[in-house]
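Note that the structure is a prediction, hence the values are computed from the model and not measured.
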Amino acid sequence: MTMFCLTPVLVAVVCILIAWIFKNADGNIQRRKEETRARAEARPWVDEDLKDSSDLHPAEADADDWQDSEENVEHIPLSHTRYPEKEMVKRSQEFYELLNKRRSVRFISNEQVPMEVIDNVIKAAGTAPSGAHTEPWTFVVVKDMDMKHKIREIIEEEEEVNYLKRMGRQWVTDLKKLRTNWIKEYLDTAPILILIFKQVHGFAANGKRKVHYYNEISVSIACGILLAALQNAGLVTVTTTPLNCGPRLKALLGRPTNEKLLMLLPVGYPSKEATVPNLTRKPLDQIMVTL
């Protein structure tokens, strides 16, 4: 019986082959790391606070939570007003014309706004539909001057970093026509700041987590209604999403762990010197498809 022996040449070939395999493996790992880093750098503007890892999947809901469901809620006749066709056209046209005048205003007067108006516009926002009627929103109204200034300090500190590093050249370039930067004077001058938080989950009566379905979509719809209500009341605002400011603002305002900042609206009357970019909106044939 002959023994299989490795010649020096064969040993060398095997060693070279093994080294090549390991080198390729290391190269693949490094390449995957670089691809992952490139994908991350391609979207440097992603707001970490809007990345939801805390949303519950329905399967994770505790069985005991179903005891608190409202499946036995009474159904009542719908209260609805149907208008004649001419009146429908008139009302829809007038509503469009009202909202078509809405502009993002960054020059806001310090003149005080009646709190009853703020109460009413937030109640209007609270009529928004929500997933399984969970109403996953919290509207934090800030009137205190010191608190508003602290909010401004946090936002301007983060926004400077956003403009210089996080947002990327293209986004900063696209914003030039709006003449905006990280200086947010309106956060001091506006008499009211409304910070809208989404509740990524709720709590059942027994203290356990309760699923808030489609929480971000639900709160976004509420924000849209709030913008329309503010316009209807004769007030102005500018939609701001303070990039990467959420955790610090949440801590400043003492909000619970299940809430995340979605939007901030400075609210008031336009200042006398207020200007807005001369922008146009897309015509109907560019935003609607009829089949």
Side-chain angles (χ1 to χ4, degrees), residues 45 47 94-122 124-125 139-164 166-196 223-245 248-249 252-253 261-283:
W45 47 269
D47 191 337
E94 290 176 346
F95 189 68
Y96 158 69
E97 291 174 356
L98 171 68
L99 291 191
N100 194 39
K101 294 176 182 177
R102 186 205 60 76
R103 300 301 302 268
S104 295
V105 178
R106 295 173 173 83
F107 303 96
I108 301 178
S109 166
N110 60 5
E111 183 180 353
Q112 293 302 304
V113 173
M115 270 308 296
E116 186 176 1
V117 174
I118 301 302
D119 292 345
N120 287 336
V121 296
I122 290 181
F139 301 89
V140 178
V141 176
V142 178
K143 301 189 297 179
D144 181 79
M145 292 183 63
D146 290 338
M147 181 64 75
K148 287 192 298 178
H149 189 67
K150 290 177 181 177
I151 290 173
R152 179 182 177 181
E153 288 179 330
I154 290 174
I155 290 178
E156 288 187 343
E157 182 181 327
E158 291 291 338
E159 282 285 79
E160 183 174 7
V161 179
N162 293 334
Y163 272 81
L164 297 178
R166 297 183 184 130
M167 290 163 55
R169 183 183 305 173
Q170 185 61 55
W171 191 0
V172 174
T173 299
D174 289 342
L175 287 174
K176 284 184 177 180
K177 62 179 177 287
L178 304 180
R179 299 180 187 174
T180 182
N181 54 33
W182 60 82
I183 305 299
K184 313 292 183 184
E185 185 179 354
Y186 52 73
L187 295 175
D188 270 329
T189 61
I192 298 289
L193 302 182
I194 303 177
L195 292 92
I196 302 100
C223 288
I225 294 177
L226 178 55
L227 291 174
L230 289 169
Q231 178 70 10
N232 182 62
L235 298 173
V236 298
T237 187
V238 54
T239 54
T240 66
T241 50
L243 191 64
N244 292 304
C245 298
R248 293 175 65 186
L249 292 177
L252 176 66
L253 299 172
L261 181 63
L262 185 68
M263 188 176 295
L264 185 155
L265 300 178
V267 174
Y269 302 103
S271 62
K272 292 181 180 179
E273 69 278 6
T275 61
V276 293
N278 187 20
L279 303 177
T280 58
R281 294 187 167 97
K282 292 180 179 180

Least distance between heavy atoms, [X] atom then [Y] atom:
| X | Y | answer |
| --- | --- | --- |
| Tyr186 | Arg106 | CD2-O, 3.3 Å |
| Cys223 | Leu262 | SG-CD2, 4.4 Å |
| Met147 | Val142 | CG-CG1, 3.6 Å |
| Ala233 | Val117 | CB-CG1, 3.9 Å |
| Ala190 | Lys148 | O-NZ, 2.6 Å |
| Asn100 | Arg281 | O-NH1, 2.8 Å |

So does [Y] get a backbone contact from the side chain of [X], meaning a donor-acceptor N/O pair under 3.5 Å?
| X | Y | answer |
| --- | --- | --- |
| Lys101 | Gln231 | no |
| Asn120 | Glu116 | yes |
| Glu156 | Lys184 | yes |
| Thr237 | Val267 | no |

Next item on the list: Would you sort out whether Ile194 and Ile196 count as a side-chain contact (heavy atoms from CB on, under 4.5 Å), showing the intermediate values?
Entry: CA-CA 6 Å; Ile194 303 177; Ile196 302 100; 4.1 Å; yes
Going from [atom1] on [X] to [atom2] on [Y], what distance comes out if it is rounded to the nearest 0.5 angstrom?
| X | Y | atom1 | atom2 | answer |
| --- | --- | --- | --- | --- |
| Ile192 | Ile118 | CD1 | CD1 | 5.0 Å |
| Thr189 | Glu111 | OG1 | CD | 12.5 Å |
| Leu193 | Leu265 | CG | CG | 9.5 Å |
| Asn110 | Ile108 | CG | CD1 | 11.0 Å |
| Leu195 | Leu253 | CG | CG | 5.5 Å |
| Asn232 | Phe95 | CG | CZ | 7.5 Å |

Margin query: Tell me every residue that passes salt bridge (Lys or Arg N to Asp or Glu O under 4.0 Å) with Asp188, counting only those two or more places apart in sequence or in another chain.
Written below: Arg152
Item checked: Leu187 vs Thr240, side-chain contact (heavy atoms from CB on, under 4.5 Å): CA-CA, chis, key distance, verdict -> CA-CA 11 Å; Leu187 295 175; Thr240 66; 5.6 Å; no
Margin query: Pair Val236, Leu230 - check side-chain contact (heavy atoms from CB on, under 4.5 Å), show working.
Written below: CA-CA 7 Å; Val236 298; Leu230 289 169; over 6 Å; no
Next item on the list: Mark yes when over 12 heavy atoms from residues, nucleotides or ligands other than Met145 sit less than 6.0 Å from its CE; otherwise mark no.
Entry: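 At most 12 heavy atoms, drawn from other residues, nucleotides or ligands, come within 6.0 Å of this atom.
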Check: With a 4.5 Å heavy-atom cut-off, do Lys272 and Pro270 have their side chains touching?
Finding: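 Answer no - side chains too far apart.
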Next item on the list: In sequence, state the C-alpha distance, the side-chain angles, and the governing distance for Leu235 and Val121, and then conclude on side-chain contact (heavy atoms from CB on, under 4.5 Å).
Entry: CA-CA 10 Å; Leu235 298 173; Val121 296; 5.6 Å; no
Check: Can you name the one residue among Leu279, Val238, Thr275 that meets side chain to side chain contact (heavy atoms under 4.5 Å, CB included) with Arg103?
Finding: Leu279
